[in-house]
Amino acid sequence: MKNIIKTLTLAAGISLAATNLGAQPALKDVFKNDFIIGAALNPSHFCETNAREAALVKQHFNAITSENALKWESVHPAPGRYDFTLADRYVAFGEKNGMFIVGHTLVWHNQTPDWVFKDDQGKLATRELLLQRMRDHIIAVVGRYKGRIKGWDVVNEAVEESGTLRQSQWMKIIGEDYLLKAYQFAHEADPRAELYYNDYWLERPLKGKGALALIKKLQSQGAKIHAVGLQGHYSLDFPDIAQLDRTISEFAKLGVKVNITELDVDVLPWVPPDPQVASVFMIFKSSAQLDPYTNGLPDSVQQELAQRYSKLFSTFLRHRNEIERVSFWGVTDAGSWLNSWPIQGRTNYPLLFDRQGRPKPAFDSVIQLPTR
Ligand code: GLA
């Protein structure tokens, strides 16, 4: 895969970002012999209505993930009704720009409409009905983009913080083998697509252990899992670098690749201080104390963020033989989900590009690292 991307990059000529700060090397060129570099896109990027950010995406990234366009609620909002309008635009954008296109995500407990788990009478679906729905969905969605979307987050977030399997509707109605079935259906729909398991906080010992056991079991049952995605929703002090190092090595030892799939670094005070449960629906009230940088990020924190990114990327580079892709969750600070989660309307600074699309000190810190 790296070779394909390398050829594409060379064919396009090594690109230099002409920003008003002077020529900046493109991230995808800096890391071209280490891993591909991705970003999660929203429609303003792939429909190019935000021209500045769309240009930034083309300049710096050779892999893309759709933030929402391929989630169940977007492509399959009602029984028997599919809507691929945005997903088609997303895939076309990736193809036009020679990017590695990721499909996110097929089976998840969030952003999946309620009808999926109900029968025609509004009662809980049976195992057979839900399995049939899962298969229909996967065959339709993966099948539509066969050979074009190169890798799929087949199952997202199946493990709880405790390391046990999440008691989602998938689990409750189908049972544990919903996981194996999901990988089988995806493989059936596109035998050449890479299949991934994607989750957050796998660096935490209990959750990591649970996910390792899950992957081992799926492998023993014949599931074709190409890579595990560490989402990489990090902060200035989580995870500890030794923990991250260990996590990457442990998964790699199972014979899977490891991808960093949703990278961002939260710089704001975290609430609650040590949550046992993270959910995209967790919303808390804001206060000045919890939103301290509305007028800009102080230099000291800017530097801390730069050092943090430098340490994270040094770790990724040490594991370059195990890591195939590092993808950010968003393009610039302006569009990051961390401005609205877990508290709405805060001003966060989690990415490498600021609200105007200018590279931050964190960008400089990662491009200075010794690469291959
Ligand atoms: C999880 C999901 C993503 C996205 C983020 C928050 O990490 O995998 O699709 O919803 O949460 O935006």
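Everything numeric in this text was worked out from a predicted model, so none of it was measured.
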- Task: Begin from the C-alpha positions of His60 and Phe363 and carry the test ring pair (Phe, Tyr, Trp, His ring centres under 6.0 Å) through to its verdict.
- Result: CA-CA 11 Å; His60 287 281; Phe363 175 94; 5.4 Å; yes
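- A salt bridge links Glu48 to Lys96: at least one charged side-chain nitrogen sits closer than 4.0 Å to a carboxylate oxygen.
- Between Ile248 atom CD1 and Ile323 atom CD1 the span is 4.0 Å, to the nearest 0.5 Å.
- Side chain of Asp190 to backbone of Gly147: a donor-acceptor contact under 3.5 angstrom is found.
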- Message: With side chain to side chain contact (heavy atoms under 4.5 Å, CB included) as the criterion, how do Ile260 and Phe328 come out once you've worked through the C-alpha distance, each side chain's angles and the decisive distance to 0.1 Å?
- Response: CA-CA 8 Å; Ile260 311 299; Phe328 292 86; over 6 Å; no
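- Proximity of Val265 to Leu312: side-chain heavy atoms (C-beta onward) are separated by under 4.5 Å at one or more points.
- Pairing each heavy atom of Tyr90 with each of Ser66, the nearest pair is OH-N, 3.2 Å.
- Put simply, the side chain of Leu27 reaches to within 4.5 Å of the side chain of Leu352, judged on heavy atoms.
- In summary, the side chains of Asp88 and Tyr145 do present a donor paired with an acceptor at a separation below 3.5 Å, with no hydrogens or angles considered.
- Around CD of Gln167, the count of heavy atoms belonging to other residues, nucleotides or ligands within 6.0 Å exceeds 12.
- In this model, a donor atom of one side chain and an acceptor atom of the other lie less than 3.5 Å apart for Glu203 and Tyr234.
- Taken from NZ in Lys181 to CD in Gln184, the straight-line distance is 5.5 Å, to the nearest 0.5 Å.
- Trp337 and Asp264 share a donor-acceptor pair across their side chains, judged by distance under 3.5 Å alone.
- Not one N or O on the side chain of Asp34 forms a donor-acceptor pair closer than 3.5 Å with the backbone of Thr371.
- Residues Leu206 and Leu214 do not share a hydrophobic cluster, clusters being chains of Ile/Leu/Val/Met/Phe/Trp/Tyr side chains in contact below 4.5 Å.
- When all heavy atoms are compared, the tightest approach of Ala39 to Gly330 is CB-O, 3.7 Å.
- Side-chain contact between Leu297 and Gln303: absent, with no pair of heavy atoms (C-beta onward) separated by less than 4.5 Å.
- Partner of Asn156 under the side-chain hydrogen bond (donor to acceptor under 3.5 Å, both in side chains) criterion, out of Thr105, Thr261, Asp199, Asn198: Asn198 alone.
- In this structure, Arg355 satisfies the cation-pi test against Tyr349, with its NZ or CZ atom closer than 6.0 Å to the six-membered ring centre and inside 45 degrees of the ring normal.
- Looking at Lys360, its side chain does come within 3.5 Å of a backbone N or O of Leu351 through a donor-acceptor pair.
- Side chains of Asn50 and His45: a donor-acceptor N/O pair is absent below 3.5 angstrom, by distance only.
- Under the 4.0 Å criterion applied to side-chain N and carboxylate O atoms, Glu95 and Arg148 are assigned as salt-bridge partners.
- Across all non-hydrogen atoms, the minimal contact from Ala227 to Asn259 is CB-ND2, 3.6 Å.
- For the pair His233 (side chain) and Glu262 (backbone), a donor-acceptor distance under 3.5 Å is present.
- Taking the side chain as every heavy atom from C-beta outward, Leu70 and Val75 approach each other to under 4.5 Å.
- With ring centers used as reference points, Trp72 lies under 6.0 Å from Trp170.
- Inter-residue side-chain proximity for Phe316 and Leu244 is flagged as met; some heavy-atom pair is nearer than 4.5 Å.
- Relative orientation of the Trp201 and Trp270 rings is perpendicular, given thresholds of 30° and 60° on the angle between their planes.
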Compile the donor-acceptor pairs under 3.5 Å between side chains in residues 125-142 and protein atoms, sequence neighbours left out, one pair per line.
unit_1	atom_1	unit_2	atom_2	d
Thr126	OG1	Leu129	N	3.1
Arg127	NH1	Ile174	O	2.7
Arg127	NH1	Asp177	OD1	2.8
Arg127	NH1	Asp177	OD2	3.3
Arg127	NH2	Asp177	OD2	3.0
Gln132	NE2	Asp136	OD1	3.0
Arg133	NH1	Trp115	O	3.1
Arg133	NH1	Val116	O	2.8
Arg133	NH1	Lys118	O	2.7
Arg133	NH2	Lys118	O	3.4
Arg135	NH2	Glu188	OE2	2.3
His137	ND1	His76	ND1	2.9

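- A cation-pi arrangement is absent between Lys257 and Tyr196 under the rule of less than 6.0 angstrom and at most 45 degrees off the ring axis.
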- Take Val326 and Phe31 through the test side chain to side chain contact (heavy atoms under 4.5 Å, CB included) and record every step on the way to the result. CA-CA 10 Å; Val326 175; Phe31 297 104; over 6 Å; no
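- Considering all non-hydrogen atoms of both residues, Gly94 and Ile64 come closest at CA-CD1, 3.5 Å.
- Tyr178 places no side-chain N or O within 3.5 Å of a backbone atom of Gln169 that could act as its donor or acceptor partner.
- Between Gln231 and Ser327 the shortest side-chain heavy-atom distance does not fall below 4.5 Å.
- Taking both residues in full, the closest heavy atoms of Phe251 and Gly208 are given as CZ-O, 4.0 Å, listed atom of the first, atom of the second, then distance.
- In terms of modelled atom types and a separation under 3.5 Å, the side chain of Lys146 and the main chain of Arg192 share no donor-acceptor contact.
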- Mind running side chain to side chain contact (heavy atoms under 4.5 Å, CB included) on Tyr309 and Leu263 for me, showing each step along the way? CA-CA 10 Å; Tyr309 261 113; Leu263 183 61; 3.9 Å; yes
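- Closest approach of Val154 to Leu106, counting heavy atoms only: O-CB, 3.4 Å.
- Under the 4.5 Å side-chain criterion, counting only non-hydrogen atoms from C-beta, Gln307 is not in contact with Ser365.
- If you check the side chains of Asn68 and Asn42, you find no donor sitting under 3.5 Å from an acceptor.
- Counting only distance, with no hydrogens or angles, the side chain of Lys28 and the backbone of Lys58 share a donor-acceptor pair below 3.5 Å.
- A donor-acceptor pair under 3.5 Å links the side-chain atoms of Asp240 to the main chain of Ala242, judged by distance alone.
- Tyr82 contributes atom OH, which lies 13.5 Å from atom OG of Ser74 (distance to the nearest 0.5 angstrom).
- The distance from the CZ atom of Arg346 to the OG atom of Ser336 is 10.5 Å, given to the nearest 0.5 Å.
- Two residues are said to be in side-chain contact when any heavy atoms from C-beta on lie closer than 4.5 Å; Glu67 and Trp329 meet this criterion.
- Between the Arg204 side chain and the Glu161 main chain, no donor and acceptor come within less than 3.5 Å of each other.
- Within the 3.5 Å criterion, the main-chain N or O of Gln243 finds a donor-acceptor partner in the side chain of Thr247.
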